[in-house]
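Data block below; observations after.
Values in this document were obtained by computation on a predicted structure and should not be read as measured data.
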Amino acid sequence: AIAIPSNIILTTGSESYVYVLENKGNAKIATKRVIETGNVSGALTEIKSGLSEGDNVIIENYNNLTQGAEVMVIK
């Protein structure tokens, strides 16, 4: 099962979504990904659909993102 921090799940109406990082050439782009949530355990929420193993979910400054925004990764 895939689980992510509950606080990074954004909602609009009945739609839940997160932003994932995708490579577009040399750029890193935020892509909105609609998800279906499941059980909540502590601070984590199960993701039933919309994410795959290996997806890079953005967990910092996600509230300021828009679809297609270029982002800079700081490690």
Side-chain angles (χ1 to χ4, degrees):
I2 296 174
I4 62 173
S6 300
N7 65 317
I8 67 167
I9 299 172
L10 302 167
T11 56
T12 302
S14 62
E15 181 179 80
S16 295
Y17 63 96
V18 294
Y19 284 101
V20 296
L21 188 66
E22 292 190 356
N23 294 316
K24 301 280 183 175
N26 291 331
K28 307 258 188 239
I29 304 296
T31 301
K32 180 180 172 180
R33 190 77 61 85
V34 176
I35 58 172
E36 179 185 351
T37 59
N39 296 324
V40 176
S41 178
L44 298 175
T45 298
E46 173 191 20
I47 305 303
K48 291 184 170 185
S49 66
L51 290 177
S52 300
E53 186 176 338
D55 282 343
N56 292 313
V57 179
I58 298 173
I59 60 171
E60 295 288 333
N61 298 318
Y62 53 88
N63 283 324
N64 301 322
L65 293 175
T66 57
Q67 171 67 24
E70 189 169 346
V71 297
M72 181 172 37
V73 177
I74 300 173
K75 294 183 180 183

I need the [X] [atom1] to [Y] [atom2] distance, nearest 0.5 Å.
X	Y	atom1	atom2	value
Asp55	Ile47	CG	CD1	11.0 Å
Asn61	Ile59	CG	CD1	10.5 Å
Glu15	Leu10	CD	CG	10.5 Å

Please give me the minimum heavy-atom distance between [X] and [Y], naming the atom from each residue.
X	Y	answer
Ser52	Ile2	C-CD1, 3.6 Å
Ser6	Thr45	OG-OG1, 2.5 Å
Val34	Tyr17	CA-CB, 4.0 Å
Ile9	Thr37	CD1-CG2, 4.0 Å
Tyr62	Ile8	CE2-CG2, 3.5 Å
Ala30	Val71	CB-CG1, 4.2 Å

- Message: For the backbone of Lys32 and the side chain of Gln67, can you confirm whether one donor and one acceptor N or O come within less than 3.5 Å of each other?
- Response: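 Between the backbone of Lys32 and the side chain of Gln67 there is a qualifying donor-acceptor contact (under 3.5 Å).
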
- Task: Please answer whether the main-chain N or O of Gly38 pairs with a side-chain N or O of Glu46 as donor and acceptor at a distance below 3.5 Å.
- Result: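 Here the side-chain-to-backbone pair does not exist.
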
Check whether any side-chain heavy atom of [X] sits under 4.5 Å from a side-chain heavy atom of [Y], and report yes or no.
X	Y	answer
Val18	Leu51	yes
Glu22	Arg33	yes
Ile58	Val20	no

- Message: Is there a path of hydrophobic side-chain contacts, each under 4.5 Å between heavy atoms, that joins Ile29 and Leu21?
- Response: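 No: no chain of side-chain contacts under 4.5 Å links Ile29 to Leu21.
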
